[in-house]
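Written below as structure tokens is the structure these notes are about.
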Amino acid sequence: MLICLLVLCTTTTAPSLSSFPNVAWLQWIQEVQQHCQTQRWYDAKRVLHIMERSNGERFQSEQFNITLAWIYLSERLVGNAVSRYEQALKTTDDPVVTLEYAESLIATGQPSKALDILRSSQDRALSRNQLRRKQLMSGQCAKETGNLTRALSYFNRLHASRVPSRYRLPALLHAAEIHYALGNKTAARRVVAALARRYPASDEALQVVALQRQAEKEPFTSRSANLEMYAWVYYRNRVFDESDGCYSAIIAANPSTTSAAKATYFKALTQLKRENPANAAQVFERAAKDLRGSKYEGMAKFQLARALFMVGRDHDVIHISDRAMTDATSSKWKFEMAKIKALALRRLGKYDQFQAWHDELQKGDAPTWMMRFYHRNGVVWSLHLNKTFEATKHLARYRAQGPDRQELAELVLWEGLINWQEGAKSKALSAWLDIARKDPNHYTGLVARALINHTKKEATDLYDFELQEIASKKDRQSLLAGYYLAGNEKSQHPFAAQLAKRIPVFDPLSYEEIGMQHPSTQKWIRLARFDLAADSLSDRNHDLDKLGIHYLKSRWYMAGHRFNSSIYHAEILAKSFPRWLPFETLPQEIRQLLYPIGFEKLVNDRSHTAGVDPYLLLAIIREESRFDEQAKSGASARGLMQFIPSTAKRVASGLGREGLELNELYDADISVSLGAAYVDTLMNSLGDVPLYSVAAYNAGEDAVQRWRSMADRFDPVQFVWDITYQETRQYCHKVMGAYHHYRSTYEPETETTIIQIPDVILSAR
């Protein structure tokens with residue numbers, strides 16, 4: 001793999017120190033910068049120690065102890081980092097360095113000393129989030145040294161809604177612990193409720209619930225409202241044994257209440273969450289009777305239909321759905337069941353019954369979303385049966401339902417497939433060109449481009465002139481058509497050159513030269529602290545436009561291994577370029593910033609061990625967590641590769657690792673190791689098709705097998721169209737798009753096809 005390096009001066013052969021001491025010193029600095037960018041910590045330390053032995057006074061005065069301390073922190077050698085920070089602070093009182101020093105002291109169990117350091121440090125030059133970080137650390141130190149009242153004052157400042165959750169949530173947890181320690185139960189209960197109800201899927205919510213259940217006694221902890229709160233936290237964190245216990249207690253206390261009905265429903269739903277649809281079907285059959293007349297009746301029937309469909313009881317699905325249309329079930333859940341009926345009819349092959357059902361749905365005032373779903377299935381099923389007239393009719397009716405922009409792009413893609421199957425190849429190519437010219441870098445646009453590339457030789461009658469004539473017209477639509485119809489990279493070049501004249505001027509060397517003029521950025525880059533250089537950069541102290549600001553921030557954050565921040569600024573930077581511009585024609589610097597190779601050595605090693613494509617792993621990590629090791633989703637997925645606990649433990653067990661702890665999922669090595677092994681398992685079981693594996697990573701293998709069962713041939717376009725979970729469909733779009741962009745950025749010459757097209761198109765020639 002390659003990594004984009006920020007080279008600040010030209011590498012030369014090392015001169016003699018005695019002859020050219022300053023030149024040698026500058027070369028060593030450059031080597032440290034390069035080693036730090038690529039996380040070659042051993043080599044960076046080796047050069048820094050040479051510098052220190054060569055001229056210790058200069059090493060100290062130029063503050064390279066800050067660089068060494070940061071490297072030790074990156075290697076988790078916190079004790080070494082503390083000693084280096086102490087030496088650094090003899091020559092600087094920089095508040096950012098002081099903050100890192102205090103953090104290191106806390107990690108080595110010196111909260112009293114850390115608190116003294118934090119109190120004495122100035123807030124100047126600290127960003128708003130750095131100030132919040134300082135308040136959180138100050139509160140932790142005050143708490144650990146027994147000054148609970150002072151600790152509360154720090155934590156209370158972080159309760160405001162505008163404070164990011166990474167500071168607010170631990171502050172709330174600490175506040176609850178302090179209130180209980182001080183015997184202030186009223187205040188503690190208020191904080192627990194605020195944390196558990198507003199952030200139920202957080203680790204802090206799990207901890208605060210455990211704290212309250214330990215600190216309080218019955219009857220308080222057995223109150224229905226509290227049990228509901230506990231159950232919801234456990235449910236959202238997938239601690240289902242605990243949530244089941246709470247729901248059972250709610251039901252036993254008063255079976256006839258709304259709370260009991262809700263508990264009955266969610267206790268049954270955990271069976272589906274446990275990926276046990278057969279058991280879920282039995283539980284929901286009982287629950288549907290118990291919930292008759294409650295607001296959960298319709299939801300329970302819908303979940304029953306889902307479970308029955310999962311286990312292949314399609315006739316029962318149709319029966320339940322038909323009964324729901326005449327029952328008093330709420331309209332929403334009637335039609336949610338009708339969606340499952342549509343799938344059951346397809347799996348049973350009852351095409352005529354499906355077609356006749358259209359009038360019944362219309363008479364039943366089916367909502368727009370239901371009719372969209374019906375016609376989506378009608379399009380693909382009719383075309384699959386070679387009933388192009390019916391497919392066209394369904395497509396027209398789907399269009400009339402007002403699809404959104406992305407659905408409309410998919411609709412045009414299918415319009416092209418219908419035209420192709422009818423033999424109107426030039427019309428098909430025209431439809432796909434329309435998509436490619438509007439949104440070429442989204443997954444749908446990439447599929448359209450793959451179809452164009454495969455079929456363009458068979459549709460030469462689309463234009464009455466040669467490619468040279470298209471180029472001579474020089475309007476954007478013609479240039480894009482020429483670019484996509486061109487046979488190879490050489491013939492694409494004149495079109496790309498013309499398109500490049502229509503995009504903003506991008507001058508990275510000029511941006512870096514201007515950005516380096518400010519003393520603060522010069523200082524941090526010299527010390528290889530590119531992350532702090534990016535922090536210090538703002539449009540208030542630099543003569544840079546927004547393009548330059550976001551470019552440098554993204555560039556320097558990537559060099560400093562803060563990939564999450566780097567991608568954030570890169571995406572803002574990319575919005576300055578038109579949506580219609582093909583990704584591969586963007587400046588290479590921007591492409592690498594948008595799709596960075598984060599945790600390069602780790603990803604390379606683990607992907608090699610598991611035998612999977614590292615670019616596929618990178619695409620998953622980028623879209624799952626944006627390379628944030630501490631990421632956690634609302635579905636209780638954790639870490640770089642966003643594992644839910646049950647899947648992580650299953651994969652870990654397969655690797656011979658038992659007893660995996662939840663907090664271990666935030667460890668980058670463990671997360672990537674499990675992720676690589678899981679992707680390998682999915683690829684092996686799903687025919688080495690990346691698209692299927694990506695969908696299974698998000699929704700599970702069983703769901704993918706159901707969607708695959710709708711076609712009797714390899715048809716990735718139909719597969720994505722048939723994905724019933726909107727979240728999974730969008731996830732496939734994003735990850736497969738990222739996978740393609742990684743490959744095109746770092747291995748443009750590869751012949752491996754990432755964006756695949758249907759067998760029916762491949763075999764047509």
Side-chain angles (χ1 to χ4, degrees), residues 281 288 298 301-403 407-408 410-411 413-415 417-419 421-422 706-713 715 717-726 729 758 760:
K301 288 180 178 179
F302 163 68
Q303 299 295 356
L304 172 58
R306 274 187 70 202
L308 292 172
F309 181 74
M310 288 178 183
V311 296
R313 291 170 58 181
D314 295 326
H315 289 287
D316 291 334
V317 170
I318 294 169
H319 174 69
I320 289 172
S321 177
D322 288 342
R323 282 192 59 184
M325 296 300 289
T326 59
D327 288 348
T329 308
S330 72
S331 175
K332 172 180 169 60
W333 300 109
K334 284 180 185 179
F335 292 110
E336 287 288 358
M337 279 184 272
K339 286 171 66 175
I340 302 176
K341 175 184 173 180
L343 298 175
L345 287 171
R346 277 186 63 187
R347 202 155 61 180
L348 291 170
K350 296 182 178 293
Y351 181 77
D352 292 339
Q353 187 175 335
F354 176 85
Q355 291 290 92
W357 189 33
H358 175 261
D359 293 340
E360 185 181 340
L361 286 172
Q362 282 196 317
K363 290 177 183 177
D365 294 324
T368 299
W369 55 264
M370 175 62 217
M371 296 311 298
R372 283 186 191 175
F373 187 83
Y374 172 80
H375 290 303
R376 281 180 75 97
N377 280 271
V379 169
V380 69
W381 198 359
S382 298
L383 191 59
H384 190 71
L385 297 174
N386 204 28
K387 297 177 182 288
T388 54
F389 176 77
E390 293 296 336
T392 302
K393 191 161 63 174
H394 279 293
L395 203 65
R397 289 173 172 172
Y398 180 49
R399 188 189 293 271
Q401 299 296 324
E407 289 172 327
L408 187 60
E410 290 181 302
L411 184 150
L413 190 73
W414 278 94
E415 205 166 49
L417 291 170
I418 292 171
N419 287 327
Q421 198 152 324
E422 288 181 328
R706 289 196 299 275
W707 297 322
R708 285 180 67 184
S709 71
M710 299 299 173
D712 58 4
R713 60 181 178 234
D715 193 333
V717 179
Q718 177 181 329
F719 174 79
V720 174
W721 182 268
D722 270 335
I723 293 175
T724 52
Y725 305 158
Q726 185 177 5
R729 191 183 314 132
V760 67

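From a predicted model like this one, the values you see are computed outputs, not experimental measurements. Residues take their numbers from the sequence shown, with the count starting at 1.
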### Summary
For Gly364 and Phe335, the nearest pair of non-hydrogen atoms, with its separation, is O-CZ, 3.4 Å
### Pair Asp722-Arg346, side chain to side chain contact (heavy atoms under 4.5 Å, CB included): steps then yes or no
CA-CA 11 Å; Asp722 270 335; Arg346 277 186 63 187; 2.6 Å; yes
### Query
Between Leu348 and Ile318, is any pair of side-chain heavy atoms under 4.5 Å apart?
yes
### Summary
Nearest heavy-atom approach of Met337 to Gly298 is CE-O, 4.3 Å
#### Entry: Criterion side chain to side chain contact (heavy atoms under 4.5 Å, CB included) on Leu361 and Met370, from CA distance to verdict
CA-CA 9 Å; Leu361 286 172; Met370 175 62 217; 4.2 Å; yes
### Aromatic ring pairing His375/His358, orientation class (parallel under 30°, perpendicular over 60°, tilted between)
tilted
Atom pairs and distances, donor-acceptor, side-chain atoms in residues 378-391, under 3.5 Å, two or more places apart:
| from | atom 1 | to | atom 2 | distance (Å) |
| --- | --- | --- | --- | --- |
| Ser382 | OG | Tyr351 | OH | 2.8 |
| Ser382 | OG | Gly378 | O | 2.8 |
| His384 | NE2 | Asp712 | OD1 | 3.1 |
| Asn386 | OD1 | Gln421 | NE2 | 2.7 |
| Thr388 | OG1 | Glu422 | OE2 | 3.1 |
| Glu390 | OE1 | Gln355 | NE2 | 2.9 |
| Glu390 | OE1 | Lys393 | NZ | 3.4 |

### Query
Any sub-3.5 Å donor-acceptor pair from Gln718's side-chain atoms to Met710's backbone N or O?
yes
### Summary
Between the CG atom in Leu343 and the OG1 atom in Thr724, the distance rounded to the nearest 0.5 Å is 6.5 Å
### Task
Identify the two heavy atoms, one from Gln401 and one from Arg372, that lie closest to each other, and give their separation to 0.1 Å.
O-NH2, 3.4 Å
### Message
Is it the case that the side chain of Tyr374 and the backbone of His394 share a donor-acceptor pair, with hydrogens and angles ignored and the cut-off at 3.5 Å?
### Response
no
### Message
Please find the pair of heavy atoms, one from Leu345 and one from Trp357, that lie closest to each other, and give the distance.
### Response
CD1-CE3, 4.0 Å
### Reported NZ-to-CG distance for the pair Lys334 and Asp365, which is rounded to 0.5 angstrom
10.0 Å
### Query
Looking at Phe309, does the NZ or CZ of Arg347 lie under 6.0 angstrom from its six-membered ring centre and within 45 degrees of the ring axis?
yes
### Task
Look at the aromatic rings of Phe302 and Trp333 and report parallel, tilted or perpendicular, splitting at 30° and 60°.
tilted
### Message
Give me the atom names and distance for the closest heavy-atom approach of Leu308 to Ala281.
### Response
CD2-CB, 4.1 Å
### Message
For the CD atom of Glu407 and the CZ atom of Arg729, what is their distance to the nearest 0.5 Å?
### Response
7.0 Å
### Query
When rounded to the nearest 0.5 angstrom, what distance separates CH2 in Trp414 from CZ in Arg376?
9.5 Å
### Query
Say you draw a straight line from CG of Leu413 to CG of Leu408; how long is it, rounded to the nearest 0.5 Å?
11.5 Å
### Message
For Glu336 versus Trp369, what's the shortest heavy-atom pair and its separation?
### Response
N-CH2, 3.7 Å
### Query
Does the side chain of Gln303 pick up a donor-acceptor pair with the side chain of Arg306 at under 3.5 Å?
yes
